[in-house]
Amino acid sequence: MTQEVIKNGRFGEYGGQYIPETLMNEIKRLEEAYEFYKNDEEFNKELDTLLKEYAGRPSLLYYAEKMTKDLGGAKIYIKREDLNHTGSHKINNVIGQVLLAKKMGKTRVIAETGAGQHGVATATAAALLGLECEIYMGKLDTERQALNVYRMELLGAKVHPVTSGTMTLKDAVNEAMREWTNRVNDTLYVLGSVMGPHPFPMIVRDFQSVISKEAKEQILEKEGRLPNAVVACVGGGSNSMGMFYNFIGDENVKLIGCEAAGHGIDTDMHAATIAKGSIGVFHGMKSLFCQNDEGQIKEVYSISAGLDYPGIGPEHAYLHETGRAQYVSITDEEAVCAFEYIARTEGIICAIESAHAVAHVMKIAPTMSKDEIIIICLSGRGDKDVAAIARYRGVDLHE
Amino acid sequence: MSRINKAFENKKAFIGFLTAGDPNLEKTEEYVLKMVQAGADLIEIGIPFSDPIAEGIVIQEANIRALSAATTVEKVFEQVKSIRRKTEVPLVFLTYLNPVFHYGYDAFLARCKECGIDGIIIPDMPYEERGEILDIAAKYDVDIISMIAPTSEERIGMIASKAKGFVYVVSSLGVTGVRSEIKTDLESIVEVIKKNTDIPTAIGFGISTPEQAKHFSQFADGVIVGSAIVKIIAKYGENAGDELYNYVKSMKDAIL
């Protein structure tokens, strides 16, 4: 089912190319280049080598025995994207896109970043492959994530603090798009999630689908059967799309995305686009967005900077509409509890984003039988979040 | 003959842009009428949007000021209706697609007709995505204005041959904003457009001085000025009327 849903860059009604004319030829060139290179033997060989030798793939599929026993229901496996180089799934996509940029003859990449994970990953791939790199990051985020700013600079990238609008991720995307219209010829915009104008949602999904490709092989090898559910967090939706993709055709595998409910979806402080958003057109795509009665994009909130985005990728909007995937909302408090739980139970400090998926598994695993299987996509490691969690718990840290 | 066609009849057109609701809607009406008095042939009214991705900092800030002044789409329509009672100048909206989509295409375009809007420019709706709105716009006699950019290359013919109202030629890469130098070979672009359509062409993005206006009006049918006007409004706030008049007059005189 997955291949035929894309028609003219759309998943059902969602997707499209709602961008300024200035970018149209460039986005068509990107589409053509991608269609060529995705079937090019040499490109795929280089990509595979980089993923294996540099990013550390395949990532482990780990049986979380203590968590399984403690929750007393379904058998829980964890797909360890946190063990990748740079500490999250973001590297899967950027290696692919930066390699593609190089093949297209580009000498420079730009990217947006929220918490800094995608920015760090892009800066890393650009350093490795020898491209100039500039990162757009909301000024508020540069202050909240000063360490990641310095990391990107160590990697040779230039970081531009974005002072327009709400000074967060959506404004960083705005500014990266503006900069792309300014320098289309030598620059590729390396988008960090399954969002934006076609072909980005498809390209990012394809590069992230390595997660479910491996997970499927690994679970078949370990258990001889498919899981009953796969669970991942959703902001723009790249790790979840990667985790879902190769299971979409397996209708008995439940696909569950976990959105950030922040202080609760009945407050104004959340980033739960599927629960509370509505259809609109923004950042190059028709999809679901948090917006007001006037079609103005709303400011969103989550303790997790990586889920703090007012939209969702168009393929998720489609999977939601068709009912193929289910989306739930997880509050800050639930995510922080899950963050602490998995640290104590399994000895894994996970990203606060990923903790949203863990929190949902803590709810559903006990309701499932012992011969059922859940895979959690643990999208990133949590070193970056330790200080924020301490603050959340009222602990005053000094370095 | 439509109001837009008349704006270009036997003359070069000066097109002025401002953001509705900056600093408030009453002033928007006053400033539109001032610009018309000073000789503006067509007025572009920007509907403020939270995330205007094709705008430079000057117009971004105007959007923020307008939204902070509680400007809504409905209030903009009401003010346009009032402006229309006082002038026959062609009025076009510049808006991002989401506020239109959210209002509902049919309802929005019906209101445009009712209030006297002649066309709409939607910077984030390229040629390929116009299908969903084109027939509805035609039903209400609202022209969807097409944009052509320095990167459009072989797309120029396709876009120009289907264009309505006037063709908006984007002078430069990047976003809106005053530029001291425009290097694009616009004469060649306009030439290709002219081969594909009889409707007028107007050049915008970056134009602020009478010299630039004069230069571009030698081969295009009009020039569009946004950021330079918005800067005057930003500087003088509620007392920008005379400054706007003088500025628009100097620009219009340069292209006569």
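All of these numbers come straight from a predicted model, not from anything done at the bench.
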Verify the neighbour count for atom NZ of B:Lys27: are there more than 12 heavy atoms of other residues, nucleotides or ligands below 6.0 Å? yes
Do you know which of A:Trp180, A:Tyr18, A:Phe282 has the most heavy-atom pairs under 4.5 Å to chain B? A:Tyr18
Please classify the contact of B:Pro123 with chain A as side chain, backbone, both or neither, using a heavy-atom distance under 4.5 Å. backbone
NZ of A:Lys103: more than 12 outside heavy atoms within 6.0 angstrom? yes
Among B:Leu67, B:Ile64, B:Ile57, which residue forms the greatest number of heavy-atom pairs with chain A at distances under 4.5 Å? B:Leu67
I'd like to know which of A:Glu179, A:His283, A:Gln296, A:Gln17 tops the heavy-atom pair count under 4.5 Å against chain B. A:Gln296
Distance-minimising heavy-atom pair for B:Asp51 and A:Lys170: OD2-NZ, 2.7 Å
In terms of heavy-atom proximity below 4.5 Å to chain B, should A:Asp171 be classed as side chain, backbone, both, or neither? side chain
Donor-acceptor contact present, side-chain A:Asn25 to main-chain B:Thr151, <3.5 Å: yes
Main-chain N/O of A:Met24 paired to B:Arg155 side chain as donor or acceptor, under 3.5 Å: no
Run the side-chain contact (heavy atoms from CB on, under 4.5 Å) check on B:Phe101 and A:Ile279 step by step: do they pass? CA-CA 9 Å; B:Phe101 179 79; A:Ile279 187 168; 3.8 Å; yes
Checked B:Ser146, B:Ala54, B:Ser172, B:Ala149 vs chain A; the most non-hydrogen pairs under 4.5 Å come from B:Ala149
The reported gap from OH in B:Tyr103 to CG in A:Asp293 (rounded to nearest 0.5 angstrom) is 12.5 Å
Is atom CD of A:Glu299 surrounded by more than 12 heavy atoms (other residues, nucleotides or ligands) closer than 6.0 Å? no
Value rounded to 0.5 Å, distance of CG in B:Asn98 from CD1 in A:Ile297: 5.0 Å
A:Lys28 and B:Glu154 ion-paired at < 4.0 Å: no
Within a reach of under 6.0 Å around CG of A:Asp268, are more than 12 heavy atoms found that belong to other residues, nucleotides or ligands? no
Checking heavy atoms, do the side chain of B:Gln60, its backbone, both or neither come under 4.5 Å from chain A? side chain
Atom group of B:Pro48 that falls short of 4.5 Å from chain A, counting heavy atoms: backbone
Side chains of B:Ser152 and A:Glu21: donor-acceptor distance under 3.5 Å anywhere? yes
Using non-hydrogen atoms and a limit below 4.5 Å, what part of residues 174-183 of chain B faces chain A? B:Gly174, B:Val175
Non-neighbouring partners of B:His215 that pass side chain to side chain donor-acceptor pair (under 3.5 Å), sequence neighbours left out: none
Quick check on B:Phe49 against chain A: is it the side chain, the backbone, both or neither that has a heavy atom closer than 4.5 Å? both
Is it true that atom NZ of A:Lys139 has more than 12 heavy atoms of other residues, nucleotides or ligands lying nearer than 6.0 Å? no
Rounded at 0.5 Å granularity, tell me how far CD1 in B:Ile53 sits from CE in A:Met177. 5.0 Å
Checking A:Glu175 against chain B: side chain, backbone, both or neither under 4.5 Å from a heavy atom? side chain
Short side-chain to backbone donor-acceptor contact, A:Arg178 and B:Glu55, under 3.5 Å: yes
Charged N to carboxylate O below 4.0 Å: is that the case for A:Lys286 and B:Glu129? no
Value for CG (A:Asn185) from CG (B:Leu173), rounded to nearest 0.5 Å, stands at 6.5 Å
A:Ser278 versus chain B, the contacting section by heavy-atom distance below 4.5 Å: side chain
Which atoms of B:Ile159 approach chain A - backbone, side chain, both or neither, heavy atom under 4.5 Å: side chain
Which pair of heavy atoms, one from A:Gly295 and one from B:His102, lies closest together, and at what distance? N-CD2, 3.5 Å
